[in-house]
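Have a look at the structure below, then the notes.
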Amino acid sequence: MNIALDIGHAKGTGARGHGLEEHDVACVIARHLFAQLKDMGHTVHVLDFPDKGNTEDLNATIKVANADGYDFGISLHCDCAHDRQNACGAHVCFYPGSVQGSRLAACIAEPLADLLPGRANTIQARPGLAILKQTRMPWVLCECGFISNAGDADIMKHHPESIANAIAEGVRDFTAQELV
């Protein structure tokens with residue numbers, strides 16, 4: 001499959017916490033995930049426009065995604081909250097009505113939420129997110145934990161490959177379902 005990995009925010013425009021910055025965290029996760037997905041036999045492209053503003057980054061990502069014939073895409077993000085102690089865990093968003101997007105989100109959310117627990121709703125239909133709404137192919141947005149939570153941030157900092165492993169496991173499960 002031809003997969004797009006999106007670094008969800010331009011450099012310096014995303015969440016910050018515990019000495020981490022969202023773009024940098026997403027880049028490290030993407031590097032590990034890229035290698036794992038390639039090893040699984042997929043064609044993988046990382047979409048990143050670090051020097052643009054956030055809106056320009058988003059618009060460029062959507063334009064490239066729709067032009068390059070991807071089978072699906074994954075945006076990598078980190079959540080942030082004022083409640084630094086209790087807000088924790090991962091979740092995966094998809095566009096409502098996208099059957100494949102919903103299945104991809106469910107496949108990724110299970111291992112990702114096992115690694116980064118704490119969210120009551122680990123799969124969320126989000127109609128207002130442009131990356132989900134404006135891409136032609138199934139697309140999911142992975143919130144890889146709360147950068148503002150010490151426990152989640154520790155995994156982001158010291159074990160980003162574990163986050164990539166969880167997402168890759170979900171992709172493997174999804175592609176196995178799609179090929180049946």
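Being a predicted model, the structure only gives us computed values, none of them experimental. Both backbone and side-chain heavy atoms feed into the values below; hydrogens, waters and symmetry mates do not.
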Review point. Is it the case that one hydrophobic cluster holds both Met137 and Ile7, taking links as side-chain heavy atoms less than 4.5 Å apart, direct or via other members?
Key: no

Practice item. Please round to the nearest 0.5 Å and tell me the distance separating atom CD1 of Ile74 and atom CG of Leu33. Key: 5.5 Å

Review point. Who are the side-chain contact (heavy atoms from CB on, under 4.5 Å) partners of Val44, not counting sequence neighbours?
Key: Leu5, Phe34, Leu37, Lys38, His42

Study note, to complete from the structure: Shortest non-hydrogen pair, Ile147 vs Cys80, comes out as CG2-CB, 4.1 Å

Check your understanding: If you look only at pairs with a residue in residues 88-97, which of them pass as a salt bridge (Lys or Arg N to Asp or Glu O under 4.0 Å), with sequence neighbours excluded?
Key -> none

Exercise for review: Could you list the residues that satisfy side-chain hydrogen bond (donor to acceptor under 3.5 Å, both in side chains) with His23, not counting sequence neighbours?
Suggested key: Asp48

Review point. Under 4.5 Å between side-chain heavy atoms, hopping through other hydrophobics if needed: is there a path connecting Ile123 to Leu132?
Key: no

Revision key, fill the gap. Asn2 meets the side-chain contact (heavy atoms from CB on, under 4.5 Å) criterion, sequence neighbours left out, with Thr43, His45, Tyr70, Asp71

Practice item. Report the C-alpha separation of Lys63 and Asn59 in whole Å, then their side-chain angles, then the decisive distance to 0.1 Å, and conclude whether the side chain to side chain contact (heavy atoms under 4.5 Å, CB included) test is met. Key: CA-CA 6 Å; Lys63 182 177 180 180; Asn59 290 336; over 6 Å; no

**Study point:** Separation between CD1 of Ile29 and OG of Ser162, rounded to the nearest 0.5 Å
**Key:** 10.0 Å

Practice item. Quick one: do Phe49 and Glu56 satisfy side chain to side chain contact (heavy atoms under 4.5 Å, CB included)? Show the steps, please. Key: CA-CA 8 Å; Phe49 303 95; Glu56 295 167 323; over 6 Å; no

Check your understanding: Can you tell me how far CD1 of Ile163 sits from CG of Leu76, rounded to the nearest 0.5 angstrom?
Key -> 9.5 Å

**Study point:** side chain to side chain donor-acceptor pair (under 3.5 Å): pairs with one or both residues in residues 127-140, sequence neighbours excluded
**Key:** Ser75-Trp139

Check your understanding: Do Val28 and Leu20 belong together in a cluster built from hydrophobic side chains that touch within less than 4.5 Å?
Key -> no

Check your understanding: Rounded to the nearest 0.5 Å, how far apart are NE2 of His77 and CD1 of Ile131?
Key -> 7.5 Å

Check your understanding: When you measure from the side chain of Asn149 to the backbone N and O of Gln85, does any donor-acceptor pair fall under 3.5 Å?
Key -> yes

Study note, to complete from the structure: Rounding to 0.5 Å, atoms CG (Leu47) and CG (Leu58) come to a distance of 11.5 Å

Check your understanding: Looking at Cys78 and Ala15, what are the two nearest heavy atoms and their distance?
Key -> O-CB, 4.0 Å

**Study point:** Sequence neighbours excluded, every pair satisfying salt bridge (Lys or Arg N to Asp or Glu O under 4.0 Å) that has a member inside residues 120-130
**Key:** none

Check your understanding: Who are the side-chain contact (heavy atoms from CB on, under 4.5 Å) partners of Thr13, not counting sequence neighbours?
Key -> His9, Ala10, Asn54

Donor-acceptor contacts under 3.5 Å from residues 88-116 side chains, at least two apart:
from: His91; atom 1: ND1; to: Arg119; atom 2: NH1; distance (Å): 3.1
from: Ser98; atom 1: OG; to: Gly101; atom 2: N; distance (Å): 2.9
from: Gln100; atom 1: NE2; to: Glu178; atom 2: OE1; distance (Å): 2.6
from: Arg103; atom 1: NE; to: Glu178; atom 2: OE2; distance (Å): 3.4
from: Arg103; atom 1: NH2; to: Glu178; atom 2: OE2; distance (Å): 2.7

Revision key, fill the gap. Sorted by chain and residue number, the side-chain contact (heavy atoms from CB on, under 4.5 Å) partners of Arg84 (sequence neighbours excluded) come out as His18, Ser148

Study note, to complete from the structure: residues 141-151 vs salt bridge (Lys or Arg N to Asp or Glu O under 4.0 Å), sequence neighbours excluded, gives none

Let me check something: any side-chain donor-acceptor pairs from residues 167-174 under 3.5 Å, sequence neighbours excluded? List them with distances.
none

Review point. Salt bridge (Lys or Arg N to Asp or Glu O under 4.0 Å): which pairs involve residues 4-30, sequence neighbours left out?
Key: Lys11-Asp24

